[in-house]
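By convention in this document, chain letters (A, B, ...) are assigned in the order of the sequence lines, proteins followed by strands, and residues within each chain are numbered from 1.
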Amino acid sequence: MTTTEAPARALDFIREIVEEDLRSGKHQTVVTRFPPEPNGYLHIGHAKSIALNFGVAAEYGGRCNLRFDDTNPEKEEAEYARAIIEDVRWLGYEFAGGEPLHASDYFDQLYEWAEHLVTRGLAYVDSLSAEEMRAYRGTLTEPGKDSPYRTRGVDENLDLLRRMRAGEFPDGAHVLRAKIDMASPNVNLRDPVLYRIRHEDHHRTGGKWCIYPMYDYAHPPSDAIEHVTHSLCTLEFEAHRPLYDWLIENLPVPSRPRQIEFARLNLNYTVMSKRKLLRLVTEGHVRGWDDPRMPTIAGLRRRGYTPASIRNFAERVGVAKRENVIDVGLLEFCVREDLNKTAPRVMGVLRPLRVVIENYPEGQSEELETPNNPEDPSMGTRRVPFSRVVYIERDDFMEEPPKKFFRLAPGREVRLRSAYFVTCTSVVKDDAGNIIELRATYDPATRGGDAPDGRRPKATLHWVDAASAIDCEVRLYDRLFNVEDPEAGGDFLANLNPRSLEVVADAKLEPTVRGAAPLTRYQFERLGYFCVDPDASDARLVFNRTATLKDSWAKVVAAT
RNA sequence: UGGGGAGUCGCCAAGUGGUAAGGCAGCGGCCUUUGGAGCCGCCAUUCGGAGGUUCGAAUCCUCCCUCCCCAGCCA
């Protein structure tokens with residue numbers, strides 16, 4: 001028997017490097033790390049990095065650490081750290097050791113190595129003010145000049161550094177700087193700051209420290225301590241790599257990690273920077289970090305996205321060094337793809353229109369069997385009640401249908417899914433001329449949805465039995481911004497989509513969904529995928545629309 | 001106008017001197033008890049531009065153009 005091998009997905013440049021390092025024996029195993037700063041929630045862009053780091057480790061039998069980059073006590077909070085851990089786990093990744101690591105765990109070692117640099121004459125305490133330092137740094141086209149404190153002796157530097165640590169100086173009085181080259185064309189090498197004084201409690205080390213290492217200083221040795229082999233980060237750190245290597249070179253670290261940069265993920269119709277997401281939250285443009293319109297992992301989770309769909313998305317967008325803006329449509333495709341296979345189907349009507357089936361006996365009702373998922377017979381069937389009055393979607397009826405409208409219209413017969421064929425006999429209107437009810441007849445011979453004579457209606461409608469329907473709230477979401485690039489015009493808030501949330505207060509659902517737990521996902525047939533919101537209570541169900549189903553009729557309408 | 005990156009279909013992305021993968025989107029068709037899903041087909045004579053090397057170039061060389069990042073005691 002011959003098997004046709006599907007062509008293997010080409011390796012991205014990072015996996016190529018990893019494979020080569022393994023093949024050449026440079027490394028026996030691969031170690032990566034995902035290093036979030038706990039100053040905000042994780043978003044879909046982080047998901048790409050998470051999938052890359054944890055994915056590479058898993059694929060090559062290595063490990064990946066979750067390490068908090070908590071070197072700046074000003075903006076970091078334990079609450080964010082908690083949420084990040086939850087999100088990484090929810091995505092389906094297990095970090096090495098089962099517990100997160102922290103750059104702050106290395107503060108003692110980092111400080112010791114700072115003294116090491118001072119001792120070798122590779123770092124000095126500078127006492128310039130921030131403004132002076134900026135002036136001395138030069139510009140992109142002009143070299144900087146040496147600080148007058150650059151020539152301090154080792155002993156004085158050591159003394160000053162120790163006193164900085166001891167808390168003898170106020171914030172900003174001194175900094176520890178690497179002594180590299182003030183004339184370097186790479187401004188990151190113009191004696192970068194290693195430590196700054198910050199009299200502030202840290203969310204983990206409390207009041208132990210009043211000097212904190214900068215990211216540039218903390219990251220390389222932290223990677224080395226963990227024996228990270230491939231330190232994957234985004235493109236903006238590319239110019240920092242010489243500094244990364246300088247530190248690895250000049251510190252007595254136990255391993256030599258390599259930094260590799262890749263392009264971060266951008267999505268259209270949304271913003272991705274933590275600063276902007278924070279503003280959306282604090283200024284009340286959304287209900288929180290987990291608002292279903294947010295591109296955060298928490299938001300996507302509440303929206304109804306599955307971990308698998310997000311992992312899949314990350315895989316499809318690929319990894320390269322090219323700046324990119326992914327179409328949010330790809331993300332939506334990924335959830336639909338997953339949910340189509342896994343979400344049980346159910347019938348619900350968002351904008352109910354009463355239909356009275358006049359030849360169906362009053363007081364009678366029955367249960368009809370219908371598949372839970374036509375894609376997967378193993379998901380079984382369920383029974384839904386049916387009786388004389390049902391609700392259909394208002395959009396599924398037109399009094400004067402255009403040619404391509406196949407749904408219900410006066411005199412026309414359609415199929416009610418898994419139930420009967422019904423024919424609209426008349427339209428009931430209120431004094432203002434609004435359609436308030438339809439009258440219809442049904443064909444008892446079509447029970448279950450098939451006609452003995454083989455006739456086939458052009459349309460099948462979803463419906464809900466009025467007598468047993470449960471009322472619920474449904475939140476319909478649209479993109480948060482109404483332009484592809486919200487940051488383009490300067491004020492991204494000006495591009496907020498005022499209709500990003502529409503609340504349907506009185507949707508009707510088949511009774512089988514009663515009591516569904518938060519985050520339970522369904523496909524409402526012909527409408528889309530919906531997920532129970534945590535706001536739901538026993539008294540009232542609340543659903544979020546995760547994604548619509550593709551709607552070719554809507555396309556016809558839009559085209560005209 | 002310093003340094004560092006990147007330019008292949010509307011959006012991603014393979015391709016590593018031998019004659020442009022794939023996915024999303026789009027467009028046709030088939031099928032259908034979801035106008036869903038599924039299935040089939042179409043969708044770059046051309047790789048930022050111009051020269052050059054070569055039997056042969058998206059891949060090599062030269063020049064040019066465009067975009068992104070760096071001057072936080074942020075990460």
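- Under the 4.0 Å criterion applied to side-chain N and carboxylate O atoms, A:Glu226 and A:Arg33 are not assigned as salt-bridge partners.
- Distances were taken from every side-chain heavy atom of A:Thr141 (C-beta onward) to each of B:U1, B:C12, B:C24; the shortest belongs to B:U1.
- The side chain of A:Arg336 places no N or O atom within less than 4.0 Å of a non-bridging phosphate oxygen (OP1 or OP2) of B:G36.
- In this structure, B:G72 is classed as syn because its glycosidic torsion stays within 90° of zero.
- Rounded to whole Å, atom P of B:A37 lies 10 Å from atom CD of A:Gln523.
- Nucleotides of RNA chain B nearest to A:Ser418 and A:Asp216 differ in position, and the one nearer the 5' end is that of A:Ser418.
- One can place OH of A:Tyr217 at 17 Å from P of B:C74, the figure rounded to the nearest angstrom.
- Taking only side-chain atoms of A:Phe333, from C-beta outward, the nucleotide of B:G72, B:A25, B:U34 with the closest atom is B:A25.
- A cation-pi arrangement is found for A:Lys276 relative to A:Phe492, the charged atom lying closer than 6.0 Å to the ring centre and inside a 45° cone about the ring normal.
- Picking from B:C70, B:C12, B:G35 the nucleotide with the shortest atom distance to the side chain of A:Val325 gives B:C12.
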Identify every side-chain donor-acceptor pair in residues 414-422 of chain A under 3.5 Å, counting partners at least two apart or on other chains, and give the distances.
residue  : atom : partner  : partner atom : Å
A:Arg415 : NE   : A:Thr460 : OG1          : 3.0
A:Arg415 : NH1  : A:Gly449 : O            : 2.8
A:Arg415 : NH2  : A:Thr460 : OG1          : 3.3
A:Arg417 : NH1  : A:Glu525 : OE1          : 2.6
A:Arg417 : NH1  : A:Glu525 : OE2          : 3.1
A:Ser418 : OG   : A:Thr370 : OG1          : 2.7
A:Tyr420 : OH   : A:Glu366 : OE1          : 2.9
A:Tyr420 : OH   : A:Glu366 : OE2          : 2.6
A:Tyr420 : OH   : A:Arg447 : NE           : 3.3

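- The A:Arg345 side chain lies nearest to B:G36 when the options are B:A6, B:A71, B:G36.
- Salt-bridge check for A:Arg196 with A:Asp171: failed, with every basic side-chain N at 4.0 Å or more from each acidic carboxylate O.
- The partner of B:G38 is B:C30, judged by Watson-Crick or G-U wobble contacts that both fall below 3.5 Å.
- Rounded to the nearest Å, the gap between the P atom of B:A57 and that of B:G17 is 14 Å.
- Of the possible polar contacts, one joining the A:Arg177 side chain to the A:Asp191 backbone as a donor-acceptor pair under 3.5 Å is found.
- Taking 3.5 Å as the limit, the base of B:G36 and the side chain of A:Glu375 contain a donor-acceptor pair of atoms between them.
- Distances shorter than 4.0 Å separate some side-chain N or O of A:Arg322 from OP1 or OP2 on B:U8.
- In this entry B:G22 has B:C12 as its Watson-Crick or G-U wobble partner, both defining distances falling under 3.5 Å.
- With salt bridges taken as basic N to acidic carboxylate O contacts below 4.0 Å, none links A:Glu393 and A:Arg351.
- Listed candidates were B:G3, B:A75, B:U8. Nearest to the side chain of A:Ala239 is B:G3.
- Using N1 to N3 plus N6-O4 or O6-N4 for Watson-Crick, or N1-O2 and O6-N3 for G-U wobble, each under 3.5 Å, B:G2 pairs with B:C70.
- If you check every strand for non-hydrogen atoms under 4.0 Å, A:Arg177 touches nothing.
- Base pairing of B:G7: its partner is B:C65, meeting the Watson-Crick or G-U wobble criterion (both donor-acceptor distances under 3.5 Å).
- Rounded to whole Å, the C1' atom of B:C24 lies 11 Å from the corresponding atom of B:A13.
- Nucleic acid contact for A:Glu525: base, since at least one base atom lies under 4.0 Å from a heavy atom of the residue.
- Distance from the side chain of A:Asp327 is smallest to B:C11 among B:A75, B:A14, B:C11.
- Remark: of the listed residues A:Phe169, A:Tyr149, A:Tyr124, A:Phe169 is the sole one forming a ring pair (Phe, Tyr, Trp, His ring centres under 6.0 Å) with A:His174.
- In the set B:C73, B:A14, B:G35, B:A14 carries the atom at the smallest distance from any side-chain atom of A:Ala10.
- Between A:Arg190 and B:G72 there is no side-chain polar atom (N or O) within less than 4.0 angstrom of OP1 or OP2.
- When heavy atoms are screened at a 4.0 angstrom cut-off, A:Glu132 is found touching no nucleic acid atom at all.
- Distances from the side chain of A:Arg417 to the nucleotides B:U34, B:C73, B:G35 place B:U34 closest.
- Put simply, A:Thr71 has no side-chain N or O that comes within less than 4.0 Å of OP1 or OP2 on B:C74.
- In this entry B:G17 has no Watson-Crick or G-U wobble partner, no candidate having both defining distances under 3.5 Å.
- Atom CG in A:Asp181 sits roughly 16 Å away from atom C1' in B:C70 (whole-Å rounding).
- Of the residues near RNA chain B, A:Glu37 and A:Ala459, the one whose nearest nucleotide (by heavy atom distance) lies more toward the 5' end is A:Ala459.
- When each of B:A14, B:A37, B:G35 is scored by its nearest atom to the side-chain atoms of A:Phe406, the top-ranked nucleotide is B:G35.
- A donor-acceptor contact under 3.5 Å is formed by the side chain of A:Arg407 with the base of B:G35.
- Side-chain proximity of A:Arg137 to the nucleotides B:G72, B:A6, B:C27 is greatest for B:G72.
- Between A:Lys404 and B:G35 there is no side-chain N or O to OP1 or OP2 distance below 4.0 Å.
- With P as the reference atom, B:G4 and B:C64 are 16 Å apart, rounded to whole Å.
- Checking each of A:Arg204, A:Glu37, A:Lys75 against A:Asp70 for a side chain to side chain contact (heavy atoms under 4.5 Å, CB included) leaves exactly one that passes, namely A:Arg204.
- Atom CD in A:Glu487 sits roughly 15 Å away from atom C1' in B:C69 (whole-Å rounding).
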